[in-house]
Each structure stands twice: as C-alpha cells, then as structure tokens.
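Counting starts at 1 for both ligands and their atoms, following the listed order.
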Amino acid sequence: MAGFSRNVFSSSVVVVVFFFMLSLTEAREHLVGGKTDSWKVPSSQSDSLNSWAEKSRFLIGDSLVWKYDGKSDSVLEVSKRDYVSCNTSSPIAVHNDGNTKIVLEHSGAYYFISGAKGHCEQGQKLIVVTLSEKHNMRGFMGAPAPSPAEFESPAIAPTSNAVNLKASLVVAFGVLMGFLF
Ligand SMILES: *[C@@H]1O[C@H](CO)[C@@H](O)[C@H](O)[C@H]1NC(C)=O
C-alpha cells in the first residue's frame, strides 16, 4: 500500500516536471522593439533595436512581428555584408505590408534593415541571434546568451546543433511512465 502511494506521488512529480519542461519549448512571438511603433530610426544608442534584441531570447520556431506604416517603410532581410554596409539593393526578402511576421527557422544570426532611404545608416537595423533548443536549456542553467555584437564581426556563425528536445522529452516521459506502472 505504501509502495502504491509512493508511486502515485512520484508519477505526479514526473507529470508536473514534464509539463514544465515542455512549456520551456513553446514557440513565442516577439514584437520587434517591444512596442508597435518601434520600427523607426532610434532616438539614441540605448534605444536601438539591437539593445532590445540583447534582452530577449530567440529560439527556433519563435517569430518576429513588425508593425509599421507600409507606405513609408519596409523590412528587408539581408546578408551580413549588406547589413553592415546598409546596402538595400539586393535583399534576401522584402516585406512592406505594415504587419510582417517572420518565423525563425534556423539557429544563428538574422539581419534586418529598413528599406526607407537613409534609415539604416541612422541605425534602423536589427540582428536577431536564434538559439537552438539545446542552447536554451544551457541558458536556462545559467550560461549567458551570445550577444548580437558577436555576429557583426567576421567570425563564422555557429553551426546548427538543434536537437528535438520536445521529442526526446516525450520519449523520456513515456519510458518513466512505463517504469512507474
Ligand atoms: C550593393 O550590393 C550590390 C549587389 O550585391 C552591389 O552591386 C553594389 O555595388 C552594392 N553597393 C554598395 C554601395 O556597396
């Protein structure tokens, strides 16, 4: 009888831990800059989009959302070189619908600049460093996230080492439940 209630208790703990871990892997939506009018020339360095990005954690599967006036501005996804030189002539993708959503599908850096004339030069640009779920768990244990500044240097972006954490949690959960009952 005592053995039975201990099993019930430990399996409840397993269930709680499982859903807690699963919640850490939920995809999130990030409003770029934190406010609906943030996609503009920043008023100061501390107000820049990259200082906002440094305070956030971006994971594979999360998405970025931009709100802006599509008649006067746009969001260009560009290469690192075009990001650095503010070259708007050959973007990877152009968005000018005023309500742009981009899903972060790979780990490493994404580079965005404004398509409005002169805006990128005045600081309307953004680097988003996407972490794999493995990185996220490590971050959760206390390791710092890489800062966007690291991705402005000529170093090679980290290779993708994404593991399907959600799938492994489901398997681990199944094994534990099988063990307990
Ligand atoms: C911008 O990029 C295009 C295409 O890569 C290139 O032909 C052009 O010279 C670049 N402009 C500047 C100012 O670097």
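- Under the 3.5 Å distance criterion, with hydrogens and angles disregarded, no donor-acceptor pair is assigned to the side chains of S85 and N87.
- The stretch residues 48-81 participates, sequence neighbours left out, in no disulfide bond (SG atoms under 2.5 Å apart) pair at all.
- D62 places no side-chain N or O within donor-acceptor distance of the main-chain N or O of V103, the cut-off being under 3.5 Å.
- For the ring pair (Phe, Tyr, Trp, His ring centres under 6.0 Å) test, residues two or more places apart in sequence or in another chain that qualify with F58 are H30, W52.
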Within the protein, flag every N or O under 3.5 Å from an N or O of ligand 1, and note the pair and distance.
from: ligand 1; atom 1: 2 (O); to: N87; atom 2: OD1; distance (Å): 3.4
from: ligand 1; atom 1: 2 (O); to: N87; atom 2: ND2; distance (Å): 2.3
from: ligand 1; atom 1: 2 (O); to: S89; atom 2: OG; distance (Å): 3.2
from: ligand 1; atom 1: 11 (N); to: N87; atom 2: ND2; distance (Å): 2.8
from: ligand 1; atom 1: 14 (O); to: N87; atom 2: ND2; distance (Å): 3.4

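- Residue pairs meeting the disulfide bond (SG atoms under 2.5 Å apart) criterion with at least one partner in residues 69-121, sequence neighbours excluded, are C86-C120.
- Under the 3.5 Å distance criterion, the side-chain polar atoms of W39 are matched with a main-chain donor or acceptor of S74.
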